[in-house]
Every structure is written in C-alpha cells, then in structure tokens.
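Inspection log for the structure reproduced underneath, given as structure tokens.
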Amino acid sequence: MDKLDEIFMMQKAFQDDLIKNRHLENIKPNEWIQKQTLAMISELAEVLDEVNFKWWKNEKPINEDAVKEELVDILHFFVSMCLSYGMTAEELHAIYLKKNKENFDRQYGKSAKQGYDLGQNKNN
C-alpha cells in the first residue's frame, strides 16, 4: 500500500468512527464539505499564528513541529472532504497529475486557458 492510500484508509476509518460515535449519520455530503471547509480555514489560521503573520507584533521563534502538526490537521480535513465525495487516493493522484501538467503549461504559454501568455507578463 502506498502512503497516500494509507492516509485515505486511515482517514476513512477515523471518519467512520467519528460519524458512528458522534451520531452524525444524517449529515449530507454538502453539509460535510461546509463543515470541513470551515474547520480547514480554522486550521489555516492556526498555521498563520505559528508563522508570525502579524507584522505589527514582535516575532517569536517558529515552532516547526507545531507548523507541521497544523499542516497535518489541514490534510485530515482535506482527505475527509475527498472521501465525502467518493474520491479515492488513486483518483486524487490522477487529477493532481493532470492539473499539475496544466499549471506548468499555463506558466509556459502552452495552455488553451486565457490569461497566461508569457508575452503579456508586465515583469518581463
């Protein structure tokens, strides 16, 4: 089993257990996405707090372990959203590969999508 498959499997087990133990069986997929998105936004804010985004405050040493833990929290909610919509690790990987290629194509003017032509970049 590869690492992404393992993450999806573990998150599915956690999500199933959470739903059962917290009696959340009646929450619809669209409601799950809303709740998980809000939770992810909260976790993103926690990342910001860890990396001194408040320029008006004195900097504190960055706790890299805490930053990594917050990033994993974000991954938990992201994978949970994927599972809520029936996405597998394999499907996520395939879509990621396609999108990554498109992102590179856009940066090199090879995309059919408008607005990415390198000749229009004002910084050239």
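The figures that follow rest on heavy atoms only: side chains count, while hydrogens, waters and symmetry mates do not.
- Within the 4.5 Å cutoff, the side chain of Phe78 has heavy atoms near those of the Leu92 side chain.
- A continuous path of ILVMFWY side-chain contacts below 4.5 Å connects Met87 to Leu83, so both sit in one hydrophobic cluster.
- Atom CE of Met10 is surrounded by 12 or fewer heavy atoms from other residues, nucleotides or ligands within 6.0 Å.
- Note that CD of Glu70 is 10.0 Å distant from CG of Asn63, once rounded to the nearest 0.5 Å.
- Side-chain atoms of Thr37 come within 3.5 Å of backbone N or O of Ile33 as a donor-acceptor pair.
- Surrounding CH2 of Trp56 are more than 12 heavy atoms belonging to other residues, nucleotides or ligands, all under 6.0 Å away.
- Looking at every heavy atom in both residues, Val51 comes nearest to Ile62 through CA-CD1, 4.1 Å.
- Here Leu18 contributes atom CG and Gln11 contributes atom CD; the two are 9.0 Å apart, rounded to the nearest 0.5 Å.
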side-chain contact (heavy atoms from CB on, under 4.5 Å) assessment of Asn52 paired with Lys57: CA-CA 8 Å; Asn52 299 318; Lys57 290 181 72 176; over 6 Å; no
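- The CG atom of Asp65 sits 10.0 Å away from atom CD of Glu50, with the distance rounded to the nearest 0.5 Å.
- Between Glu31 and Lys35 there is no salt bridge, since no side-chain N of the basic residue sits under 4.0 Å from a carboxylate O of the acidic one.
- In this structure, Glu25 places its CD atom where more than 12 heavy-atom neighbours from other residues, nucleotides or ligands lie under 6.0 Å away.
- Between Asn30 and Tyr85, the closest side-chain pair of non-hydrogen atoms falls below 4.5 Å.
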side-chain contact (heavy atoms from CB on, under 4.5 Å) between Leu71 and Glu43, intermediate numbers included: CA-CA 8 Å; Leu71 294 171; Glu43 296 298 339; over 6 Å; no
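- Taking NZ of Lys54 as the start and CG of Leu48 as the end, the distance is 9.5 Å to the nearest 0.5 Å.
- Annotation: Phe53, atom CZ; neighbour count of heavy atoms from other residues, nucleotides and ligands within 6.0 Å is above 12.
- Nearest heavy-atom pair across Ser84 and Pro29 is O-CB, 3.9 Å.
- Partners of Asn21 under the side-chain hydrogen bond (donor to acceptor under 3.5 Å, both in side chains) rule, at least two apart in sequence or in another chain, are Asp17.
- Hydrophobic clustering places Leu4 together with Leu75 (ILVMFWY residues linked when any side-chain heavy atoms are closer than 4.5 Å, directly or through intermediates).
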side-chain contact (heavy atoms from CB on, under 4.5 Å) between Ile19 and Trp32, worked out: CA-CA 11 Å; Ile19 289 168; Trp32 268 113; 3.5 Å; yes
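- Contact check for Met81 versus Met40: side-chain heavy atoms found under the 4.5 Å cut-off.
- The heavy-atom pair separating Phe8 from Thr88 by the smallest distance is CE2-C, 3.6 Å.
- Using a 4.0 Å cut-off between a side-chain N of Lys or Arg and a carboxylate O of Asp or Glu, Lys12 and Asp16 qualify as a salt bridge.
- Distance check: Gln15 CD to Leu24 CG gives 10.0 Å after rounding to the nearest 0.5 Å.
- By the 6.0 Å contact criterion, CD on Glu91 is enclosed, its count of non-hydrogen atoms from other residues, nucleotides or ligands being greater than 12.
- Summarising the geometry, atom CG belonging to Leu44 is positioned 10.5 Å from atom CZ belonging to Phe77; distances are rounded to the nearest 0.5 Å.
- The number of heavy atoms from other shown groups lying within 6.0 Å of NZ (Lys98) does not exceed 12.
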